[in-house]
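Note sheet for the following structure.
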Amino acid sequence: MPLCIATWNINSVRLRLPIVEKFLREHQPDLLCLQETKCPDDLFPVEAFHALGYPFVAISGQKGYHGVATISRRPVEVTEKREFCRKGDCRHIATRFQAGDRSVLLHNFYVPAGGDEPDPEINPKFRHKLDFIEEMRDVAAAREGADASILVGDLNIAPLVEDVWSHKQLLKVVSHTPVETEGLESMRVGGGWQDLMRIHTPPPEKIYTWWSYRARDWEATDRGRRLDHVWSSENLVESLRGIEVLKEARGWERPSDHVPVIARFALD
DNA sequence: ATGGTAGGACGCCTA
């Protein structure tokens, strides 16, 4: 069985437990990285994951907002829960697991959305987002103590022209402004990270992983953005066997506004 | 040009 890793901004893990269970039953990834769990650690539905065959549940949650979790069928060790920008937010958890003869470090990120106004001088939430991306430069693909690295999550930025439904109309919309897209790409390349979704599906093909709740008919208008990402160190690129964006999940009962992204590798 | 929906927690912030 190839190694299978999924990432999904779930927008409340407790409210959406039924569709998380459906996803795990139908796709059975080895690891599932969730963002926006909106759940304090002592209320996290750990037992539901155990019952589905996922004994390892690594969580970093807080009340009401944010929160990440990495759920696994194979043993994982939590290596870091990093606090970014001194905000006390739970937006990162790093775990390590074995894949074949390699020790793989897996970063699960939830980058701040950044508010509505794309001006860091008047919008502190946008300032925070830009600062967060800068601080992410510390997280490089090459790390001592690991043979390979994977970085997944809701990065809340659609970097490429083909990552949004209209490049022109979104240039001044937070998630696709040049300061964000250039900052993220610079951080990614500087850190030695490979964009696996775009290696598998290069431009000009469009990729979206998020469709707003505010659209009347998300499917007909198809005004999506690629906000969720799967990156790896260069030494995993040759093992990549596929990327799947599970668009159908946007139409499930009480859906998240994000859909799961699944990456498969030729590794045990 | 504007406002549209959703979740947590219960007035209003965040996405």
Side-chain angles (χ1 to χ4, degrees), chain A residues 7-23 33-45 48 59-69 83-92 108-120 122-133 136 152-159 163-166 168-177 179-181 184 208-229 247 249-261:
Chain A
T7 180
W8 194 7
N9 176 318
I10 198 59
N11 189 13
S12 174
V13 67
R14 284 175 289 174
L15 189 73
R16 275 182 247 292
L17 195 53
I19 61 169
V20 177
E21 291 173 323
K22 171 184 170 72
F23 173 72
C33 294
L34 297 174
Q35 302 87 34
E36 272 205 279
T37 51
K38 295 184 174 177
C39 184
D41 289 354
D42 57 334
L43 296 177
F44 198 93
I59 51 183
S60 180
Q62 64 186 87
K63 188 176 178 180
Y65 305 103
H66 324 314
V68 290
E83 181 188 345
F84 284 77
C85 305
R86 302 178 171 219
K87 296 275 280 187
D89 290 351
C90 295
R91 296 180 178 275
H92 168 261
N108 176 358
F109 268 101
Y110 175 49
V111 171
D116 289 331
E117 181 57 56
D119 180 348
I122 61 175
N123 175 8
K125 290 199 282 260
F126 196 67
R127 174 82 270 156
H128 177 210
K129 185 177 195 176
L130 299 181
D131 291 345
F132 195 101
I133 297 299
M136 279 178 77
V152 304
D154 176 7
L155 306 186
N156 265 316
I157 296 173
D163 292 337
V164 291
W165 65 275
S166 169
K168 195 175 170 185
Q169 285 179 256
L170 289 173
L171 269 171
K172 291 180 179 172
V173 174
V174 171
S175 74
H176 194 62
T177 66
V179 64
E180 294 170 84
T181 59
L184 186 71
Y208 310 142
T209 65
W210 173 91
W211 291 262
S212 173
Y213 283 127
R214 296 177 189 179
R216 291 172 212 287
D217 186 342
W218 71 274
E219 196 162 23
T221 51
D222 199 26
R223 295 185 167 188
R225 305 177 200 170
R226 181 171 73 115
L227 303 182
D228 302 275
H229 297 267
K247 184 176 180 180
R250 186 62 179 80
W252 287 353
E253 186 80 14
R254 297 205 78 178
S256 169
D257 44 357
H258 296 251
V259 299
V261 180

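In what follows, chains carry the letters A, B, and so on, assigned in the order in which the sequence lines appear, proteins first and then strands, with residues in each chain numbered from 1.
- Nearest nucleotide to the side chain of A:Ser12, out of B:dA15, B:dG8, B:dT5: B:dG8.
- Among the nucleotides B:dA15, B:dA6, B:dG8, the one closest to the side chain of A:Lys38 is B:dG8.
- Among the nucleotides B:dA15, B:dC13, B:dT5, the one closest to the side chain of A:Glu36 is B:dA15.
- The closest side-chain heavy-atom distance from A:Phe126 to A:Asp116 is not below 4.5 Å.
- Taking the C1' atom of each, B:dA15 and B:dG3 are spaced 15 Å apart, rounded to whole Å.
- When the P atom of B:dT14 is taken as reference, atom NZ of A:Lys87 falls 9 Å away, rounded to whole Å.
- Remark: P of B:dT14 and CG of A:Asp154 are 17 Å apart, rounded to the nearest angstrom.
- Straight-line distance from the CD1 atom of A:Ile10 to the P atom of B:dA6: 15 Å, rounded to whole Å.
- Nearest-nucleotide positions on DNA chain B for A:Asn9 and A:Asp116 put A:Asp116 closer to the 5' end.
- Residue A:Arg16 places no side-chain N or O under 4.0 Å from the OP1 or OP2 atom of B:dG8.
- Each of A:Lys247, A:Glu219, A:His258 was compared with A:Trp211 under the side-chain contact (heavy atoms from CB on, under 4.5 Å) criterion, and only A:Lys247 meets it.
- If you measure from atom CZ of A:Phe44 to atom P of B:dG8, you get 13 Å, rounded to the nearest angstrom.
- One C1' atom belongs to B:dA6, the other to B:dC10, and the distance between them is 16 Å to the nearest Å.
- When the C1' atom of B:dT14 is taken as reference, atom CG of A:Asn156 falls 11 Å away, rounded to whole Å.
- By the 4.5 Å heavy-atom criterion applied to side chains, A:Arg91 and A:Pro112 are counted as neighbours.
- Across B:dT14, B:dA6, B:dA15, the shortest atom-to-atom separation from the side chain of A:Arg214 is found for B:dA15.
- Both tests do not hold together for A:Arg225 against A:Trp210: distance to the six-membered ring centre under 6.0 Å, angle to the ring axis within 45°.
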Contacts under 3.5 angstrom, residues 10-21 of chain A side chains, donor-acceptor by atom type, not counting sequence neighbours:
from    : atom 1 : to       : atom 2 : distance (Å)
A:Asn11 : OD1    : A:Lys38  : NZ     : 2.9
A:Asn11 : ND2    : A:Tyr213 : OH     : 3.1
A:Ser12 : OG     : A:Leu15  : N      : 3.2
A:Arg14 : NH2    : A:Lys38  : O      : 3.3
A:Arg16 : NE     : A:Ile10  : O      : 2.8
A:Arg16 : NE     : A:Asn11  : O      : 3.2
A:Arg16 : NH1    : A:Arg254 : O      : 2.8
A:Arg16 : NH1    : A:Pro255 : O      : 3.2
A:Arg16 : NH2    : A:Asn11  : O      : 3.0
A:Arg16 : NH2    : A:Tyr213 : OH     : 3.2

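- Between the C1' atom of B:dT14 and the CG atom of A:Asn11 lies a distance of 10 Å, rounded to the nearest Å.
- Atoms CH2 (A:Trp218) and C1' (B:dT5) sit 15 Å apart, rounded to a whole Å.
- Within the 4.0 angstrom heavy-atom criterion, no nucleotide atom of any strand lies near A:Arg216.
- Here A:Arg91 lies in heavy-atom contact (under 4.0 Å) with sugar-phosphate atoms only.
- Remark on DNA chain B: of its neighbouring residues A:Ala215 and A:Thr37, the 5'-side contact belongs to A:Ala215, judged by nearest-heavy-atom nucleotide.
- Contact annotation: A:Lys63 side-chain N/O to B:dG8 OP1/OP2 distance is not under 4.0 Å.
- A straight line from CG of A:Leu43 to P of B:dG7 spans 18 Å, rounded to a whole angstrom.
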